[in-house]
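Scroll down for the structure; my scribbles are underneath it.
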Amino acid sequence: MGHLDHAALGWLTPVLSYAMACTGAALGLRCTVRALAATGRARRNWLVTAASAIGTGIWTMHFVAMLGFGVSGTGIRYDVPLTLVSLLVAMAVVCAGVFAVGHGPGRGRALLLGGLTTGLGVASMHYLGMAAVRLHGDVSYDPVLVALSVLIAVAAATTALWAALNIRSPAAVTLASLIMGAAVSSMHYTGMLAVSVRVTPSGEALPGATAMQFIFPLAVGLGSYLFITSAFVALSPTTGEREASAPARRSVGSAAH
């Protein structure tokens, strides 16, 4: 059995991955709050932004954490197409969950459906990402810990969507995002504790790309997207602010005529 190290780079990867999860959650929650106050195309656009933010945050969290993953006796590579598929899955299922909440006819039913869909999607993303790992040996999983990680993912997703429906103040959104980030990180490391590797020493070159060749640049790019989008959301006026400024704009227009 190979010895698994989940923090080969020390506290850097766990802390940075948690920050990515929190940033994606905070941005997604803020966008969902904006969506629920909007209608028509504006609501759809805010929901798409929320889904992309949460999906990107979760995916980036997973693979930043994987930068610190190592197995004694073998190198590690990643299958590039499958890794990209895991990103698309994260985006798609989070989008489905967010739209279920944003457009669902009944809040309670929409919340349960959205939480279940999003949670299973998050778990699918995680295990697709693990399926993309290439090493000299065989990977197996503890089914009990796998099931626990899926339950944590569903609970985290449902809690996050409930927060999006019920929380409005920036301070409360920040607290909810910290909790969601902790839940997503817990899901990841619970899933990683389920992993066992039986190493088969070999001199053959592993297929795929190293984490630094592929995952690190992509994670940096997606992280930059999160921070740029956060700045855009923070600077864009809310529906209430636009309604409050409308009389002033009309009076300025009347005075000009």
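Nothing fancy with the numbering, it's 1 onward along the sequence.
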Approximate separation, where rounding is to 0.5 Å, of [X] [atom1] and [Y] [atom2]:
X	Y	atom1	atom2	value
Met66	Thr13	CE	OG1	10.5 Å
Met61	His188	CE	NE2	5.0 Å
Leu12	Leu67	CG	CG	8.5 Å

With side chains defined as the heavy atoms from C-beta onward, is the minimum distance between [X] and [Y] less than 4.5 Å?
X	Y	answer
Ser86	Tyr78	no
Val150	Met187	no
Val199	Val71	yes

Legend entry - Tyr127 side chain to Ser149 side chain, donor-acceptor N/O pair below 3.5 angstrom: yes
Legend entry - Plane angle bin for His6 and Tyr189 - parallel if under 30°, tilted between 30 and 60°, otherwise perpendicular: perpendicular
Would a distance-only check, ignoring hydrogens and angles, find a side-chain to backbone donor-acceptor pair under 3.5 Å from [X] to [Y]?
X	Y	value
His136	Glu204	yes
Thr117	Gly114	no
Ser177	Ala25	no
Ser17	Pro14	yes

